[in-house]
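Take a look at the structure below.
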Number of protein chains: 2
Amino acid sequence: MAVEVMAEQGVAGLTLGEVARRMGIRPPSLYVYFDGKHALYDALFERGWRLLLERMQAAEARMEGHDPFADYREGLDDFVRWAVEHPAYSALMIWRPVPGFVPSDRAYAPAIALAEMGRAAIVRLRDGGILPPEVDVDRAYRISTALVAGVISQQLSNAPGESFDGGTWTAVLPDLLDMWLAHHRSPVRPSPGDPS
Amino acid sequence: MAVEVMAEQGVAGLTLGEVARRMGIRPPSLYVYFDGKHALYDALFERGWRLLLERMQAAEARMEGHDPFADYREGLDDFVRWAVEHPAYSALMIWRPVPGFVPSDRAYAPAIALAEMGRAAIVRLRDGGILPPEVDVDRAYRISTALVAGVISQQLSNAPGESFDGGTWTAVLPDLLDMWLAHHRSPVRPSPGDPS
DNA sequence: GTCTATACTACGATAGAC
DNA sequence: GTCTATCGTAGTATAGAC
């Protein structure tokens, strides 16, 4: 499996020869399934986002909640958990480790679907009274992605071996979500000269 | 210059031949300066962190401030600005794009010095009364790095061309710092069943 | 769908002359 | 410190038989 090779050798260290070896076939046989290395990366990129999308859809279906923010928190928890548990996929999906590789529109589709889910979740928080009516949905979404990306990025690059539970950086995710909620409930921008 | 090659071809796309070509010499001549490709990456890694360290030390010297939080905010601004303006360095420094490359202790030294600067800055905020005396310095530091890494990571991978001023993700950095400050002043952890 | 055989390219690295 | 020459390897990809 190509994903295992990426996990062991690094995303950019993926070679068709190694993939073929593990599949018990010869490199040329891979061309039956993929039109070359770029297409393989593209398929991996798409599958990664699709797996994560399905995970988030399952999480969404599982809730139907009386506490929308708890649901939201759980959703982002699931997101980060998946990312930390699939570091090879994550690196390919959120970083740019492969020189010259640009995902196709098709491969991007599930990532876009996830972004729409994220914005919809924020709209639900707004409509549920958790966030104020005047909240800037797009900005709040961008902030939330920065929080999530920050935790994932730090966890994967500084302590790749740690699990989601017990991770040095995943441990601060609850703080970040509390921060996020409090900020959107009462956005405070202290003026520089305010001595209070 | 090797940095330019990384910027154009991607960090993992760096080749000794291309570096030599731009220097107007032949590949074997590079071995006078570096003991091979790994050593080149190591030197780039170290130089990146050292440049950033020097930038942050200069920023620190420049302040001597009456408003410690404004100073802190400016410091993180500088940090993110440097990262966004040096995407090739940043990718090598905060991601893991090169299969098999592990920075040496020597190359890590300036990164460690920067981490100590970050913690010291938080201690100053605490001693200056901006943060409460009981603040968990290490945790607050980790949270701040997650914020910064999140913005940099999102900006570099989703909109690499944008400048620091006017960046889609750098634009939310002030929100994140406000959040961070407010959180540490009054950390709120709402219980799941709290209907308030 | 899988194989062998092979072409082609690229790269890292070393030896040794100047 | 730079060169030419070269080795060795690895990797992508294609052709064509089975």
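So that the names make sense, note that chain A is the first sequence line, chain B the second, and so on, each numbered from 1.
Regarding contacts with the backbone of C/dG1, every side-chain N or O of A/Ser29 stays at 4.0 angstrom or more from both OP1 and OP2.
To the nearest angstrom, P of D/dT12 lies 13 Å from CZ of A/Phe34. Straight-line distance from the CZ atom of A/Arg26 to the P atom of D/dT12: 16 Å, rounded to whole Å. Per the geometry, CD1 belonging to A/Ile25 stands 6 Å off P belonging to C/dC3, to the nearest Å. Spacing between atom CZ of A/Phe101 and atom P of D/dT12 amounts to 15 Å, rounded to whole angstrom units.
Residue B/Arg119 qualifies as enclosed at atom CZ: its count of foreign heavy atoms under 6.0 Å is above 12.
Side-chain contact check for B/Leu30 versus B/Met23: some heavy-atom pair is nearer than 4.5 Å. Contact check for B/Arg142 versus A/Gln154: no side-chain heavy atoms found under the 4.5 Å cut-off.
Every pair passing side chain to side chain donor-acceptor pair (under 3.5 Å) that includes a residue from residues 26-43 of chain A is listed here, sequence neighbours excluded: A/Asp42-A/Ser104.
Checked against side chain to side chain donor-acceptor pair (under 3.5 Å), A/Asp136 has no partners two or more places apart in sequence or in another chain.
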*Which letter, B, S or -, goes with each nucleotide of nucleotides 11-18 of chain C from 5' to 3', with contact meaning a protein heavy atom under 4.0 Å?*
SSBB----
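Here CG of B/Asn158 is found 9.5 Å from CD1 of A/Ile94. Values are rounded to the nearest 0.5 Å.
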